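Given the structure is predicted, the values throughout are model-derived calculations rather than measurements. Throughout, protein chains are lettered first and strands after them, A, B, ... in sequence-line order, and every chain is numbered starting at 1.
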Protein chains: 2
Amino acid sequence: MVMNQTIYEMNGKQFQCPIELSVSIFSGKWKTTIICQLLEGKKRYGELNKNIVGITHKMLAQQLRELEEAGIVHRQVYPATPPKVEYKLTVLGEGLRPIVEYLQEWGKHFESSMSTDP
Amino acid sequence: MVMNQTIYEMNGKQFQCPIELSVSIFSGKWKTTIICQLLEGKKRYGELNKNIVGITHKMLAQQLRELEEAGIVHRQVYPATPPKVEYKLTVLGEGLRPIVEYLQEWGKHFESSMSTDP
DNA sequence: CTGTATCCTAGCTGATACTG
DNA sequence: CAGTATCAGCTAGGATACAG
């Protein structure tokens, strides 16, 4: 059963149900793309920047920071020159895999219904 | 396996994978709340407006329209005075139920990790 | 290589009033 | 009852330049 009416709060934002909270986690233009990337495994900052077409330094850094603060992404710094930073999903982040896979299935289903339904 | 790099297009917006497309469907401040409501069953406009705390006419109408255009919500008008309009999920929309339920579970898990993790 | 800091804009969102 | 119209504010996102 799907709940509602209860008010959840996090970082000053309010949510009417846990689902809103979850969705707010990967709302943001690049969050899902980043998560997709990291579902493939550990990645360096530069790799992400190269793989994710169109993203800017600012947005990549910012969205990574938000994912990190949410406890979804772990940031590993190797002190060296030049610096090396690796990002990977936390256990919590890995828990998103089934959702992401289901979203992918549903997205494909959605696409095909678009061509036959309108 | 999670795909990427392929470009999907819909309504002029571009997506790098089906997941982005899916997420874009229920991104929007009230979309998930509306979907939650309709997962409980058919609802009238006034019911939604009453149940969803804080939403305005404009946003409710607008988000419902977008969900309708995406083929997630069906709008049934009963010609009468005063008018009566019912909204319900389409088959495609019902397909979101497992996602919503998983998001709820994950959201709760997320909450508890917030209190023990930081 | 891995970021910050600034500045700027489009578009989402809300308040309010009006309508069939 | 179930919307639409208009206007205004905020904020997410992008371009660009700078930095450790």
Side-chain angles (χ1 to χ4, degrees), chain A residues 10-16 20-21 23-35 37-38 42-70 72-88, chain B residues 7 10-16 20-21 23-35 37-38 42-70 73-88:
Chain A
M10 193 192 62
N11 300 338
K13 293 177 186 171
Q14 289 191 340
F15 306 97
Q16 294 189 43
E20 279 187 40
L21 195 156
V23 170
S24 81
I25 298 301
F26 43 73
S27 287
K29 190 167 178 185
W30 305 98
K31 296 263 175 67
T32 51
T33 311
I34 294 173
I35 293 172
Q37 282 289 314
L38 295 181
K42 195 181 293 186
K43 295 271 171 75
R44 293 186 57 171
Y45 180 90
E47 284 182 273
L48 293 171
N49 194 57
K50 180 170 65 75
N51 293 345
I52 301 175
V53 180
I55 198 169
T56 62
H57 277 312
K58 181 195 167 184
M59 288 316 292
L60 180 55
Q62 182 177 304
Q63 307 264 301
L64 279 170
R65 187 94 8 167
E66 288 174 22
L67 289 171
E68 191 190 356
E69 279 168 10
I72 291 178
V73 158
H74 178 73
R75 180 168 179 266
Q76 175 77 44
V77 183
Y78 298 91
T81 312
K84 173 178 174 180
V85 182
E86 279 177 348
Y87 292 92
K88 66 170 184 176
Chain B
I7 303 295
M10 192 192 61
N11 299 339
K13 293 177 184 169
Q14 289 191 341
F15 306 97
Q16 294 189 43
E20 279 186 42
L21 194 155
V23 171
S24 80
I25 298 301
F26 44 73
S27 286
K29 192 167 178 185
W30 304 99
K31 296 265 175 66
T32 51
T33 311
I34 293 173
I35 293 171
Q37 282 290 315
L38 294 181
K42 194 181 293 185
K43 293 272 172 75
R44 295 186 58 171
Y45 179 91
E47 284 183 273
L48 293 171
N49 194 56
K50 180 170 66 77
N51 293 346
I52 302 174
V53 181
I55 199 169
T56 62
H57 276 311
K58 180 193 167 184
M59 290 315 294
L60 179 54
Q62 183 177 305
Q63 307 266 302
L64 279 171
R65 187 97 4 173
E66 288 174 23
L67 289 171
E68 191 191 354
E69 279 167 11
V73 159
H74 177 73
R75 180 169 179 265
Q76 175 78 45
V77 183
Y78 298 91
T81 312
K84 173 178 175 181
V85 181
E86 279 178 349
Y87 292 91
K88 65 170 185 178

* Base, sugar-phosphate, or nothing for Y87(A), non-hydrogen atoms under 4.0 angstrom? -> sugar-phosphate

* Which pair of heavy atoms, one from E86(A) and one from K84(A), lies closest together, and at what distance? -> OE2-CE, 3.7 Å

* Structure fact -> Taken to the nearest 0.5 Å, the spacing of K50(B) NZ from E47(B) CD works out to 7.0 Å

* Where is the tightest heavy-atom contact between I25(A) and L67(A), given as atom of each residue plus distance? -> O-CD2, 4.3 Å

* **Q37(B) CD to N49(B) CG distance, which is reported to the nearest 0.5 Å** => 11.0 Å

* Write down the atom of F26(A), the atom of T32(A), and the distance for their closest heavy-atom approach. => O-CG2, 3.9 Å

* Ring geometry between Y45(A) and Y87(A) (parallel below 30°, tilted from 30 to 60°, perpendicular above 60°) -> tilted

* Output the distance between atom CG (L64(B)) and atom CD1 (I34(B)), rounded to the nearest 0.5 Å. => 4.5 Å

* Between dG3(C) atom P and I52(A) atom CD1, what is the distance in whole Å? -> 13 Å

* **Nearest atoms (heavy-atom pairs only) where K29(A) meets Q63(A)** => N-OE1, 4.0 Å

* Structure fact -> Numerically ordered, the residues 42-49 of chain B set in heavy-atom contact under 4.0 Å with DNA chain C is none

* So, the side chain of K31(A) versus the backbone of S27(A): is there a donor-acceptor pair under 3.5 Å, distance only? -> yes

* Asked: Could you give the start and end, 5' to 3', of the contact zone on DNA chain D for chain A, using atoms under 4.0 Å from its heavy atoms?
  -> dG13(D) to dG20(D)

Distances under 3.5 Å between nitrogen or oxygen atoms of protein and nucleotides 11-17 of chain C:
residue	atom	partner	partner atom	Å
dT13(C)	OP1	K29(B)	N	3.4
dT13(C)	O4	K58(B)	NZ	3.4
dG14(C)	OP1	K29(B)	NZ	2.5
dG14(C)	OP2	W30(B)	NE1	3.1
dG14(C)	N7	K58(B)	NZ	3.2
dG14(C)	O6	K58(B)	NZ	2.3

* Atom NE2 in H74(B), atom CG in L38(B): separation rounded to 0.5 Å? -> 12.0 Å

